[in-house]
Amino acid sequence: MRKIIIAIDGYSACGKSTTAREVASILGYRYVDSGAMYRAVTLYFLDHHISLTNPKEIERGLTQIHLAFHINSHGQTELFMNGVNVEKSIRKMRISENVSPVSTIKQVRQAMVEQQRKLGKDKGMVMDGRDIGTVVFPAAELKLFLTADIQVRAFRRQQELLEKDKLVDLNTIIANLTERDQIDSNRKESPLAKATDALEVNTTHITIDEQVDEVVRMALGKIVRSRK
Ligand code: CDP
């Protein structure tokens with residue numbers, strides 16, 4: 001069967017990653033969380049005190065970062081940076097509070113987009129992020145743009161953090177999501193935007209299972225049509 005690329009973009013904490021992971025698992029596709037890559041770069045820059053206004057330091061830093069996705073024993077994709085599993089550390093608030101400024105940097109975006117395109121060259125992939133349907137894979141067969149009310153998004157993110165034994169105040173989360181959306185939507189380099197041919201899905205009132213079923217149904221429609 002012919003394979004396609006599914007691009008899922010949208011605001012912070014709209015359920016993109018959960019949807020993308022589940023859909024990939026059902027279709028037997030690979031899943032790439034592009035946000036995890038920007039989070040890993042942020043972790044490296046913070047740990048190595050790289051100044052975001054020094055292009056030379058940024059360039060050098062980027063050459064030192066090797067990212068690879070591995071599948072764990074539960075079948076879940078995890079990101080490794082320079083051989084170390086960084087899945088836990090990149091989800092912390094310290095990273096959430098610094099990732100958007102790092103993601104505005106042109107050199108960072110160029111390096112990540114190049115790797116993302118390589119990962120998707122054989123298709124059969126679901127990738128989620130902010131610029132997947134607009135910049136990384138403008139020819140993706142299925143493009144989705146997820147939205148949801150800010151209160152619902154913040155509550156869902158709070159639950160995710162709680163599952164990792166971290167209680168974060170709802171207002172702190174709302175402030176972080178709002179700030180990131182603002183920076184992501186207004187940056188010069190590939191801002192967060194709905195591709196003209198993307199389908200918008202509002203996830204405020206639907207469950208994750210309904211969301212996943214809907215996307216799988218749309219994907220199967222595209223796969224069947226792309227065989228003709
Ligand atoms: O999961 P959540 O919605 O909190 O965010 P994420 O997907 O982990 O992405 C974290 C941050 O990375 C975003 O707020 C963006 O600043 C940046 N990002 C980006 O610029 N481009 C992408 N394709 C993916 C993420």
Side-chain angles (χ1 to χ4, degrees), residues 5-21 31-46 52 67 69 77-79 81 86-117 119-120 125-138 140 143-150 152-161 163-164 166 168 172-195 198 201 203 208 211:
I5 289 204
I6 303 173
I8 303 184
D9 290 306
Y11 298 101
S12 301
C14 274
K16 299 183 299 289
S17 301
T18 317
T19 308
R21 191 182 303 114
Y31 162 55
V32 170
D33 175 356
S34 70
M37 299 169 74
Y38 290 96
R39 284 173 178 270
V41 171
T42 305
L43 174 65
Y44 187 93
F45 281 11
L46 285 175
L52 301 190
L67 300 177
F69 286 98
T77 309
E78 293 182 328
L79 182 61
M81 178 164 64
V86 290
E87 264 311 311
K88 278 214 178 89
S89 35
I90 60 173
R91 309 288 164 194
K92 298 200 166 140
M93 281 306 280
R94 165 182 178 245
I95 304 299
S96 297
E97 283 162 1
N98 287 282
V99 63
S100 282
V102 170
S103 304
T104 61
I105 302 168
K106 189 175 185 172
Q107 294 150 289
V108 171
R109 302 209 71 79
Q110 281 172 340
M112 294 305 110
V113 170
E114 190 186 324
Q115 292 185 38
Q116 288 154 7
R117 287 189 179 142
L119 289 168
M125 160 159 299
V126 187
M127 193 178 287
D128 78 305
R130 303 293 186 287
D131 58 344
I132 312 306
T134 50
V135 174
V136 183
F137 297 120
K143 297 182 188 178
L144 300 168
F145 192 83
L146 302 195
T147 62
D149 287 355
I150 184 74
V152 171
R153 289 155 55 196
F155 180 71
R156 287 177 185 161
R157 180 52 47 95
Q158 190 183 43
Q159 296 304 305
E160 271 172 30
L161 290 165
E163 278 162 26
K164 289 168 194 148
K166 187 88 192 123
V168 182
T172 306
I173 298 178
I174 291 178
N176 176 253
L177 299 182
T178 311
E179 187 190 19
R180 280 200 283 134
D181 287 347
Q182 208 269 340
I183 299 176
D184 294 346
S185 305
N186 293 298
R187 67 185 176 216
K188 207 165 122 237
E189 300 297 329
S190 34
L192 163 64
K194 177 176 171 289
V201 182
T203 73
I208 200 73
Q211 210 164 301

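Worth saying up front: this structure is predicted, and the values here are computed from it rather than measured. Every number for a ligand or one of its atoms is a count from 1 in the order of the listing. Positions are given from 1 along the sequence.
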> Below 4.0 angstrom, N of the basic side chain to O of the carboxylate: do Glu87 and Arg91 qualify?
Replying inline: yes

> Has Phe155 got more than 12 heavy atoms of other residues, nucleotides or ligands less than 6.0 Å from its CZ?
Replying inline: no

>> Just to verify, what does Arg153 make a side chain to side chain donor-acceptor pair (under 3.5 Å) with, not counting sequence neighbours?
In response: Asp181

>> Tell me which one of Thr19, Val32, Asp33, Leu146 satisfies side-chain contact (heavy atoms from CB on, under 4.5 Å) with Asp128.
In response: Asp33

> Can you list, by chain and residue number, every protein residue with a non-hydrogen atom closer than 4.0 Å to ligand 1?
Replying inline: Ser12, Ala13, Lys16, Ser34, Gly35, Tyr38, Arg39, Val99, Ser100, Ser103, Arg109, Gly129, Arg130, Asp131, Ile132, Arg157, Arg180, Asp184, Arg187

>> Using every non-hydrogen atom in the two residues, find where Leu119 and Met125 come nearest and quote the distance to one decimal.
In response: O-CE, 3.2 Å

> Are a donor atom and an acceptor atom from the side chains of Arg180 and Tyr11 found within less than 3.5 Å of each other?
Replying inline: no

